[in-house]
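Here's the structure, in structure tokens; my notes come after.
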Number of protein chains: 2
Amino acid sequence: MLDFNSLSLSDDKTLCELADLFRVLGDSTRIRILCALCESERGVSDIAELLSMTQSAISHQLRVLKQARLVRVTRKGRASIYALDDDHVRTIFEQGFRHVRHILPSEGENGLA
Amino acid sequence: MLDFNSLSLSDDKTLCELADLFRVLGDSTRIRILCALCESERGVSDIAELLSMTQSAISHQLRVLKQARLVRVTRKGRASIYALDDDHVRTIFEQGFRHVRHILPSEGENGLA
DNA sequence: GTGATATATGAATACGTGATCATATATTCA
DNA sequence: TGAATATATGATCACGTATTCATATATCAC
């Protein structure tokens, strides 16, 4: 557990970085990209085809995800292979899903998924 | 652990809800409000003063946070007291911080906080 | 009831941003 | 080298949204 007293309002820089992280996650295209990468690493055009979007749109979004340290790239020939930067992203996702799906309707851990 | 195979691209509705949740978290004002509420429940004008913002701006944002089920309200006299909806929010924050602060540089759980 | 206080809300505006189009860069192969 | 393929990038536009201002609603004290 982290110490949330350290999250006091004085630490504005960290809070802005946190908001920035969530802002990057707050777009359905980027979420779908990350989901695609949860399964396995992929090239740009593969992702574009998976999501039925243009290569350009995906490339632009991958740039955003890379800047946020959420994905990493490796060149393989003329392809850029993108992957989740670490398993961290999965954990953030997991908590988000718990909220969205109301696994914890109000309090208590008795899952009624 | 959740099953991330269930996060396949077919489940677009859930993915959009997830993006919506993160979008709400992706604003520094709302993050600061939630942080203020991490400490204790508070009235609107208290929050406004804490963040040096207008009552109106805070009220508008609290509405967004309420719609996202991130905060709940109780009336006490003429004051509306806002609080985190559940401890869930803290957990989501925690994961976000872990990423921002790079507590896990690449992999492994050995915290070098 | 009136006045004071606390919050909510609607309209307007300024700003950020996601997708598109055209084009540039990079890599492989002949 | 030149053609083909894969990706990156800059400009533009349309749209969403955070804040402000003015005002409405609600609650308490009298």
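The structure presented is a predicted model; accordingly, all values stated were derived computationally and were not measured. The chains referred to below are lettered A, B, ... by the order of the sequence lines, with proteins before strands, and numbering in each begins at 1.
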| message | Considering every strand and a 4.0 Å limit on heavy-atom distances, what is the contact class for B:Ser45: base, sugar-phosphate, or nothing? | response |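 If one applies the 4.0 Å heavy-atom cut-off, B:Ser45 turns out to touch the sugar-phosphate alone, with no base involved.
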Which donor-acceptor pairs under 3.5 Å do side chains of residues 18-31 of chain A form with protein atoms, sequence neighbours excluded?
residue, atom, partner, partner atom, Å
A:Asp20, OD1, A:Arg23, NH1, 2.7
A:Arg23, NE, B:Gly26, O, 3.2
A:Arg23, NH2, B:Gly26, O, 3.3
A:Asp27, OD2, A:Thr29, N, 3.1
A:Asp27, OD2, A:Arg30, N, 3.1
A:Arg30, NE, A:Val24, O, 2.6
A:Arg30, NH1, A:Gln61, OE1, 2.8
A:Arg30, NH2, A:Arg23, O, 3.4

Nearest whole Å is fine: how far is [N] [atom2] from [X] [atom1]?
X: B:Ile33; N: C:dT7; atom1: CD1; atom2: C1'; answer: 14 Å
X: A:Leu65; N: C:dT17; atom1: CG; atom2: P; answer: 14 Å
X: A:Ile58; N: D:dT7; atom1: CD1; atom2: P; answer: 11 Å
X: B:Leu62; N: C:dA8; atom1: CG; atom2: C1'; answer: 11 Å
X: A:Ile47; N: C:dA19; atom1: CD1; atom2: P; answer: 14 Å
X: B:Glu41; N: C:dT7; atom1: CD; atom2: P; answer: 13 Å

Contact list (N/O, under 3.5 angstrom) for nucleotides 25-30 of chain D vs protein:
none

| field | Divergence of helical axes at both termini of the helix from C:dG1-D:dC30 to C:dA30-D:dT1 - five pairs an end, 10° steps | value |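 About 30° separates the two local helix axes.
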For residues 44-60 of chain B, tabulate all N or O donor-acceptor pairs below 3.5 Å that involve a side-chain atom, not counting sequence neighbours.
residue, atom, partner, partner atom, Å
B:Thr54, OG1, B:Ala57, N, 3.1

| message | Below the 4.0 Å mark, does D:dT9 have OP1 or OP2 next to a side-chain nitrogen or oxygen of A:Arg63? | response | yes
| field | B:Tyr82 side chain near C:dA6 phosphate (N/O to OP1/OP2, under 4.0 Å) | value | no
With heavy-atom distances below 4.5 Å as the criterion, would you say the side chains of [X] and [Y] are in contact?
X: B:Leu62; Y: B:Ile33; answer: yes
X: A:Leu70; Y: A:His88; answer: no
X: B:Ile92; Y: B:Val89; answer: no
X: B:Arg69; Y: A:His99; answer: yes
X: B:Arg98; Y: A:Thr91; answer: no

| query | Who passes side-chain contact (heavy atoms from CB on, under 4.5 Å) against A:Arg78, sequence neighbours left out? | reply | none
| said: Applying side-chain contact (heavy atoms from CB on, under 4.5 Å), can you list everything that pairs with A:Arg63, at least two apart in sequence or on another chain? | reply: A:Gln67
| remark: Interatomic distance, CG@B:Leu65 vs CG@B:Leu84, rounded to 0.5 Å, equals 9.5 Å
| task | Determine, for nucleotides 13-23 of chain D in 5'-to-3' order, which nucleotides have protein heavy atoms under 4.0 Å from the base (write B), from only the sugar-phosphate (write S), or from neither (write -). | result | ----SSSBBB-
| Contacts of B:Thr74 that satisfy side chain to side chain donor-acceptor pair (under 3.5 Å) - sequence neighbours left out |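 Checked B:Thr74 against side chain to side chain donor-acceptor pair (under 3.5 Å); zero matches.
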| said: Side chain of A:Val44 only, heavy atoms from C-beta on: which candidate in C:dT7, D:dT9, D:dA8 is closest? | reply: D:dA8
